[in-house]
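Below, chains carry the letters A, B, ... as their sequence lines are ordered, and counting in each starts from 1. The structure presented is a predicted model; accordingly, all values stated were derived computationally and were not measured.
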Amino acid sequence: DLRVGDIVVVEKGEDVIPKVVKAVVSRRARGSAAPKPYKMPTRCPECSGSLDRSGDEVVWRCVNASCPAMLSRRLLHFASRRAMNIEGLGESLIAQLIEAGLARDFADLYNLDVGALEQLDRVGNKSASNLLNELQKSKSVEVWRLIHGLGIRHVGEGVAQLLAASFNSIDALMDSSIKELEAVPEIGPIVAQAVQRFFQDRDNRLLIQNLKMAGLAFTGSIGTSTASQKLSGLTFVITGALSGMTRGEAKSAIQKLGGKVTTSVSRKTSFLVAGEEPGGNADKARECGTSILDEEAFRKLLGQ
DNA sequence: ATACAAACCCTGAAGCTGGT
DNA sequence: ACCAGCTTCAGGGTTTGTAT
């Protein structure tokens with residue numbers, strides 16, 4: 001039986017049974033009486049594939065490689081701003097591309113053309129050419145974005161950057177041993193195993209091959225910039241909205257100067273950069289005695 | 001007007017590290 | 001070997017911006 005708090009997901013996110021889980025979540029949000037238990041499915045309702053639960057996790061995953069629900073979430077993640085940064089490729093467009101058989105994996109995206117795109121709902125000439133332009137741009141993004149976009153378990157933005165910085169090429173990463181992976185700081189046995197498993201899979205290796213053929217550059221390392229490293233050793237957390245820049249821009253500005261950016265305040269945090277309407281991190285910062293910078297002070301620190 | 005996508009915050013789960 | 005503290009990952013909800 002599925003109860004409140006139980007989560008049923010496929011790779012990188014989406015619920016295998018979105019409707020049921022959403023119902024559970026909204027009941028919890030409304031704080032209403034005890035929800036009635038739902039029957040736990042034994043097959044993925046989207047594709048009837050097998051479900052897998054590893055270890056003690058209350059998390060089930062569809063293990064069917066061609067499950068459309070999984071494919072949809074993987075494509076969405078691949079295109080997202082923090083991965084390949086393909087603007088304009090969202091949920092509904094992806095659903096249509098899968099439906100039309102135009103996107104069976106990441107590499108297929110690079111074979112799209114204006115004609116095919118214009119056949120889709122709510123896609124005109126403008127959005128079609130915008131998207132093609134974005135896809136073209138994404139061919140030369142930094143390697144870590146691709147590593148992140150692949151959707152390997154436990155490999156998000158941060159770990160992808162570590163991996164890109166530690167291995168010279170995607171080929172070196174693909175052929176790395178568990179030992180080599182664990183030698184990277186902050187990577188332990190579980191993450192190392194997830195990475196190795198992914199790259200040992202035949203289909204995944206083929207996918208990388210296809211992406212290379214589609215014209216992805218796989219170059220541009222994380223950027224050991226020649227700029228000064230004056231923030232080296234300092235840890236920042238950004239909260240609230242900044243007026244002159246997005247949080248992403250603020251983050252990369254800090255990283256360029258050798259600083260580290262994390263998401264929650266602890267005693268190890270050097271500075272909290274607080275914009276408009278800061279969240280709970282601001283309270284935590286006062287508690288921990290962390291120095292708080294407003295946007296103006298932050299810009300001064302950056303030397304802007 | 002409507003549909004879709006982006007940006008943002010918050011939060012829970014789980015992995016990693018270092019101290020005991 | 002175990003635990004505490006810290007960090008990352010990733011989902012949910014809301015608000016804002018843009019194309020049809």
Side-chain angles (χ1 to χ4, degrees), chain A residues 4-16 18 21-30 54-59 61 73-77 79-83 85-97 117-118 120-131 134 147-149 151-163 181-195 235-243 245-251 260-270 274-284 288 290:
Chain A
V4 169
D6 290 356
I7 308 166
V8 184
V9 295
V10 284
E11 198 68 28
K12 280 293 178 195
E14 180 62 324
D15 311 327
V16 169
V21 172
K22 271 175 191 156
V24 173
V25 169
S26 61
R27 278 155 184 275
R28 181 166 42 184
R30 285 202 305 272
S54 54
D56 300 333
E57 287 180 298
V58 193
V59 177
R61 290 184 174 77
R73 298 305 291 196
R74 294 178 71 85
L75 287 170
L76 197 56
H77 174 74
S80 70
R81 172 159 280 237
R82 288 162 172 229
N85 192 19
I86 302 168
E87 234 176 276
L89 189 54
E91 200 174 333
S92 133
L93 195 50
I94 286 172
Q96 290 192 69
L97 289 172
L117 288 168
E118 276 186 328
L120 305 173
D121 259 4
R122 296 190 71 85
V123 178
N125 188 278
K126 176 149 189 169
S127 37
S129 55
N130 281 351
L131 179 61
E134 285 290 320
I147 298 172
H148 181 204
I152 305 168
R153 283 249 281 149
H154 309 297
V155 179
E157 196 179 5
V159 172
Q161 290 180 357
L162 283 172
L163 289 173
L181 288 164
E182 278 197 55
V184 178
E186 292 172 54
I187 292 190
I190 291 170
V191 178
Q193 202 191 26
V195 172
T235 302
F236 292 77
V237 171
I238 306 166
T239 188
L242 304 172
S243 60
M245 59 177 88
T246 68
R247 295 155 64 96
E249 285 163 356
K251 183 174 177 181
K260 197 175 169 215
V261 180
T262 67
T263 55
S264 53
V265 172
S266 71
R267 277 188 300 252
K268 287 190 182 173
T269 308
S270 322
E276 292 295 316
E277 298 186 41
N281 271 326
D283 304 329
K284 188 77 193 287
C288 293
T290 305

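Between A:H148 atom NE2 and C:dA10 atom P the separation is 6 Å, expressed in whole Å. Atoms CG (A:N125) and C1' (C:dT18) sit 17 Å apart, rounded to a whole Å. Counting to the nearest Å, the C1' atom of C:dT20 and the CG atom of A:L120 are 13 Å from each other. We find that CD1 of A:I238 is positioned 15 Å from C1' of C:dT7, with the value rounded to whole Å. The interatomic distance linking A:Q161 (CD) with C:dT8 (P) rounds to 10 Å, in whole Å. In this entry the distance linking CD1 of A:I190 with P of C:dT8 reads 17 Å, nearest Å. C:dT7 atom P lies 20 Å from atom NE2 of A:H154, rounded to whole Å. Across the protein-nucleic acid pair, A:E186 atom CD and C:dT8 atom C1' stand 9 Å apart, rounded to whole Å.
In terms of modelled atom types and a separation under 3.5 Å, the side chain of A:S270 and the main chain of A:T235 share a donor-acceptor contact. Judged purely by atom type and a 3.5 angstrom limit, A:S129 uses its side chain to pair as donor or acceptor with the backbone of A:N125. The backbone N or O of A:E134 lies less than 3.5 Å from no partner atom in the side chain of A:E87, so there is not a single donor-acceptor pair.
Here the nucleotide nearest the side chain of A:S264, chosen from C:dT8, C:dA19, B:dG15, is C:dT8. For A:V159, the listed nucleotide lying nearest its side chain is C:dC9; candidates were C:dT7, C:dA19, C:dC9. Relative to the side chain of A:V191, the nucleotides B:dA6, B:dG15, C:dT8 differ in distance, and B:dG15 lies closest. Out of B:dA5, B:dC16, B:dC10, the shortest distance to the side chain of A:T239 is found at B:dC10. The nucleotide whose nearest atom lies closest to any side-chain atom of A:T262 is, among C:dT20, B:dG15, C:dT8, C:dT8. Distances from the side chain of A:P189 to the nucleotides C:dT8, C:dC6, B:dC16 place B:dC16 closest.
Contact annotation: A:S92 side-chain N/O to B:dA3 OP1/OP2 distance is not under 4.0 Å. Using a 4.0 Å cut-off, some side-chain N or O of A:S127 falls inside it from OP1 or OP2 of C:dT20. At C:dG5, none of the side-chain N or O atoms of A:R267 fall inside 4.0 Å of OP1 or OP2 (strictly under the cut-off). At least one side-chain nitrogen or oxygen of A:S266 sits closer than 4.0 Å to the OP1 or OP2 atom of C:dT7.
Where A:L93 and A:A192 each meet DNA chain B at their nearest nucleotide, the meeting point lying more 5' is that of A:L93.
For the pair A:V159/A:V184, no side-chain contact is recorded, criterion being any heavy-atom separation below 4.5 Å from C-beta on. Side-chain contact between A:H148 and A:H77 is present, with at least one heavy-atom pair separated by less than 4.5 Å.
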